[in-house]
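Here the structure is laid out as structure tokens; the discussion comes afterwards.
A note on names: the letters A, B, ... follow the listed sequences, proteins ahead of strands, and every chain is numbered from 1. What you are looking at is a predicted structure, and each value in this text was computed from that prediction instead of being measured.
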Amino acid sequence: MKKHLFKNEQSFDMDESSLESRINFLKESMGNTEDLFMLPISFRDRKGTIIYLSTIADSEKIQEGVLFPLIKYQDFNLHDIPFTAENNNRVDLQEAVNALLQGKAIVSMEGWDDIFSFNTAKDLSRSPNEPDNEKTVRGSHLGYVENLTTNIGYIRRGISSRHLQIRYFQTGQYTNTQTAMVYIEGIVNPSLVEKLTNRLQAVTTDMTFSPGYLEELIEDSPLSPFPHILYTERPDRTIAQLMEGRIALLTEGSSDAIILPVSFFSFFQATDDYNSRIIIGSVFRLLRVVSFLLTLLLPGLYIAIIAFHFEIIPTDILVVVKNSVDNIPYPPFIEAMIMAFTIELIREAGIRLPTPIGQTIGIVGGLIIGDAIISAGLVSNIMVIVIAMTAISSFTIASYELSNTVRILTFPIMVLAASFGFVGIIFSLMFIVGHLCKLESLGTPYFSPVAPFDVQGMKDAILRFPIWLLKFRPRDLLVKNRRRLYRPRRWEENEE
Amino acid sequence: MRKTIKRLIVSSVIPIFLTGCWDQRLLKEQKLISLVGYDMNSNGEVIASMAYPVRKGGVTTGTQSASSQSTILTTHGKTALDSLMHADLKISERIDISKAQVILFGEKIAKVGLYQVIDHIYRNPKGALGAKVAIVEGSTAEAVNLKQEEAEIIGRYYDEFLKSGRATGFYTNYNVQSVCPLLLKHTKDPLLPLLQIQPTQNRAVTVGMAMFNNEKMTGKLNIDESKMFILLDGSKKQKVSLLVRTNNHYKNRQKNYVVIEVLGTKPKTKLHVKNKSITADLSLKLYYRITEYPKNHLTTPMLLDELNKAIKENLTQLAQQTITKMQEANCDGFGIEEQIKVHHHKLWEKQYKNTALKNITIKPRLQLELTNSGIID
Amino acid sequence: MKNNNQMTKLQLITFIIQTQIGVAFLSLPFDIHKFAKGDSWISLLITGVVMQVLVFFYFILSNRFPKQDLFQILQSLLGRFVGKCLTLFYFAYFLLTGSTILILFVYIIKKWMLPYTPYWVILMLMCAVGIYIAIENLTVIARFYFIATIVLLVFIFVTPMAIKDGNIHYIMPIGHSGIWKILNGATHATLAWQGLELFLIVSPFVTASSKEKLKAVTLANILVTLLYTFLTFVCLIYFSGDEIMLMPQPVLYLLKSFSFTIIERPDIVIISLWIILVGTSFISYLYGASLAASFVIKKWKRQPFVYLTALFCFAFALFFNGEQEIEKLTKFTTNIGFIFLLAMPVFLLLISLLFKKQQRGNLNAKNY
């Protein structure tokens, strides 16, 4: 059972039939909030009131959809009036409170038991634009907005199928945030749906204002540095993931969809890969995987090389490196720390500031500090190259979450590399790979197409194979229907 | 339970990283020796001369890259490593020979034996097994001290020197590692590049190859002989150029010669056993082209045939001369004893184990084929 | 949903390979060369064939008890008390092998890469990784092993480069050492095959028919045999006989003498990668030992035993690390290995065949 978080839940004893007492009840329930508006009306000589929250209800809609019909059709029965405002339901008093909170207008008449609610919620969402952190060159430029219905609408428009299922959950006992679980019946593994439903129903918090808040509450191992859940602001990406047999969660008031279960390699798949030509898409995908490894290992490798195994690099380069590090007072590990710390600072400062100032920070940080730090002899110029390379390659990873993870993971690797050289790097890699093997996202293996090995999954992991070869959905999700396509290039046989 | 144990382990592992880096060998604290020369003085002590790059100028600012200059140090000690340890006493940082590019040996020490000098490289896990080896006529200190201007670092100079010499077919391709089995094993002997230093010109000069019997240097081949050895051995199959004297009678001396370049070879060693004595036939088929023929007018096939014959005669003579020299030096560079061991195992065990090369008759058999004579006739 | 503690055939192959290939293979050419000289590679092929026969024995045995692991087979065949005693012996054997792996590993690492780092630090790192992975169920371990197999590819792709500098005359004439020396060499190679016995432990958890299991293990054995033979062969033609006698780890020395344009010393990288191979072997034995222990003491789950086993191996390795002790220990482990790798399963099979005992009851293998 869920425990309720409300502490002073009161109940009123009152006479429900009188208009006065109803209004009082509603006022009391809303805590006499001052944006509660009451519009006295009269209909067939009866007194009545339209009540709504002026902040979220659209007064124009009330006027046109509720007030005008009331005045125009004075001869009609209240039930028969063709109100143009949608969703005119009869509700009881308790429901009326919830209705008010959703921006509905409540009409109550003296002498009538029924209370009517009309959907007159203000359209608070902005117009959709391209998500900033998931830009693509080709393909759709549509991004989610902060309105759940609109967002689900985008998905529905993309998948016009009766198999697309949407289930709503209320999460957050104060905020009553609507959360929608979207999946495709017939593809998705039903046990995953069941598992996720259970987890969502078990969530007991006062609020869930974003999917990120939810994420921590429902994922398998929240303490792992690796993200288990894919965020996307793009309906097309959501749709592609749904078609693979995954589940999307959307919440009201957030322009992110979260997708789960995901595997490690989902974070390397960008929408652009599929919109560009096969070979080019594959090369870019590979580039991203390589840049992941580079980010993870480059600082560690550099430290290990110049502090332990410098004999492995060719003499000509070695002399250059030696010249550059000869006058640096710090050991390479400290050097790397200084530089990595500086870069993280610049990045963090750049994010929070408005764009023009952010750019200034980039220039001041990157150029001025970088140059000065070398001439001051604090950090060698090779180290600046290494750390800058690391930072840049970390930003090529298609997911913001993963790119942060990787940059953080370089620190333990650097520590081990500085204490044991290559041996340390290998040990840290063993820990990381071991960790990846342990991780599960919603009970499916996280490191999936690699371990457990799955040929079909591999086709879309490190390289992007041609679409006609992606015949089956990845095995790790245990989907109901693995077949994705039948000979789509059948026409080749006819065109002889 | 599990969690507490996990925490215990984590907390016990953390101090390791704090205590530090036992094997740390910071690059900035090492002097990278790029060239080592070993020689021997009259007391039988090992003299080591080494060169290492030192940065010119003071602190560099971001854009300028520092250039390096080689500094030379000479020490002596009872053994090779001992002399290096003595060098450590004279240097501001620690010395490190794991990046040595070339190791030079003086003639004197080479005559005593090579293995003992480089044993410390084999034994060290960081030893520079890829370093090239060469023998210097005269003192190695002079060779290391050479004021050459062709490369920034002297080690690099010798490295490239030997590399190009190998490409032109002057010497065999041996480094510290590949020479090791030959020093140890008794069935094949190495031949190493032989250099001479011309201090007046600030240059090193290739003078041929040094012949070894096992690990001891026993003789020298001149350049032509070295080339012939390399062709006979088959270790280089292309791009070896040879000057051949084809005539004697021209007054204009240039016209007596022809320069050929070998385009391909087919070396084959055959062993013939007769009355329990072994004759080795070194047959070699050469495909060559003419790169210079001052006499000109190679118009008829007759002339070509004649020329071919003259070249063949001359080269056979050269081959014979090379083999004789090797036999004198007892240097089994062709690995003939190895061949005997493989193909006539019993005979080898009985008679030819550690035999002197003189006891085996070696006959060179050359066949030549002209493939082209250049773009003019 | 699928049972969580299972592995696929492919994972079975990599599991066996990773368990077998560990410390021993670096010095394999040296160890065998002592006996069989230039014909060491033939010795290894012979050992491989013998092991294949053993694989058939294992297969028949596991086929008679398809749902039981080794310890339960022991119990079903020999009764509760004897079975548990023998399980304890197996536990001790796994501990011993695990410790030997650790000792040899640190010995080589200290010799080749970290001569000044204290003994216990390297040990502790290895034990930490071992615990971190061995604590998980078989599925996770199998996944990890699969990825670790990539390391083997490095060995397979790098070593052939030595062939072009090799001298085939070093091993000629074939068979010059004589058949007895070759066979003698073959017997000394068994340490490299230790790990096959773990097939009997993991076999009930493999989701495959018994025929597929046989195929998988056979394939694993063939791959391992070929790899060993190939590495030895390359070493034998690259180093002369006199040279190999001076090199206890010829495979590493072989790699050390290579040089590429970017990486001038590939040996450093490859020794580091080799750590992963050692790690997987060590994890397997930790797993085996902890499974054996939890079978004897049913009260506890497997996890606490993983810590205990690792702790024991750590302590053991801490006290036995002299060069001579290591040699004795290796010899001892090889001999003990004979009993547990060869003698015991064959003995069990014989009993099972003689008394016509097969799996009965529902004493199925459990795995935490």
For [X] and [Y], work out which heavy atoms get closest and say how close.
X	Y	answer
A:Thr410	A:Thr390	CG2-CG2, 4.5 Å
A:Gly443	A:Glu440	CA-OE1, 3.9 Å
A:Arg246	A:Pro474	NH2-CG, 4.2 Å

message: If you take the centroid of each ring, where Trp contributes its six-membered ring, are C:Tyr132 and A:Phe431 closer together than 6.0 Å?
response: yes
message: Suppose we call two aromatic rings close when their centres sit under 6.0 Å apart. Are A:Phe264 and A:Phe292 close by that rule?
response: yes
message: Please rank C:Ile122, C:Ile133, C:Val129 by heavy-atom pairs under 4.5 Å with chain A and give me the top one.
response: C:Val129
message: Tell me which of these, C:Leu10, C:Thr117, C:Ile262, has more heavy-atom pairs under 4.5 Å with chain A than the rest.
response: C:Ile262
field: Verdict with supporting geometry, A:Arg167 and A:Tyr183, side chain to side chain donor-acceptor pair (under 3.5 Å)
entry: CA-CA 9 Å; A:Arg167 284 205 207 160; A:Tyr183 59 90; 3.0 Å; yes
Is [X] atom [atom1] crowded by more than 12 heavy atoms from other residues, nucleotides or ligands, each under 6.0 Å away?
X	atom1	answer
C:Lys110	NZ	yes
C:Lys9	NZ	no
A:Met181	CE	yes

At a 4.5 Å cut-off on heavy atoms, which part of [X] comes close to chain A: side chain, backbone, both, or neither?
X	answer
C:Phe146	side chain
C:Ile276	both
C:Ile141	neither

statement: Most heavy-atom pairs under 4.5 Å with chain C, out of A:Phe422, A:Phe308, A:Phe427, belong to A:Phe427
field: side chain to side chain donor-acceptor pair (under 3.5 Å) assessment of C:Thr139 paired with C:Gln6
entry: CA-CA 5 Å; C:Thr139 320; C:Gln6 288 179 331; over 6 Å; no
Contact origin within A:Ile426 toward chain C - heavy atom pairs under 4.5 Å: side chain
query: What part of A:Leu301 gets closer than 4.5 Å to chain C, counting heavy atoms only: side chain, backbone, both or neither?
result: neither
task: Using heavy atoms and a sub-4.5 Å threshold, report which of residues 18-27 of chain C line up against chain A, by residue number.
output: none
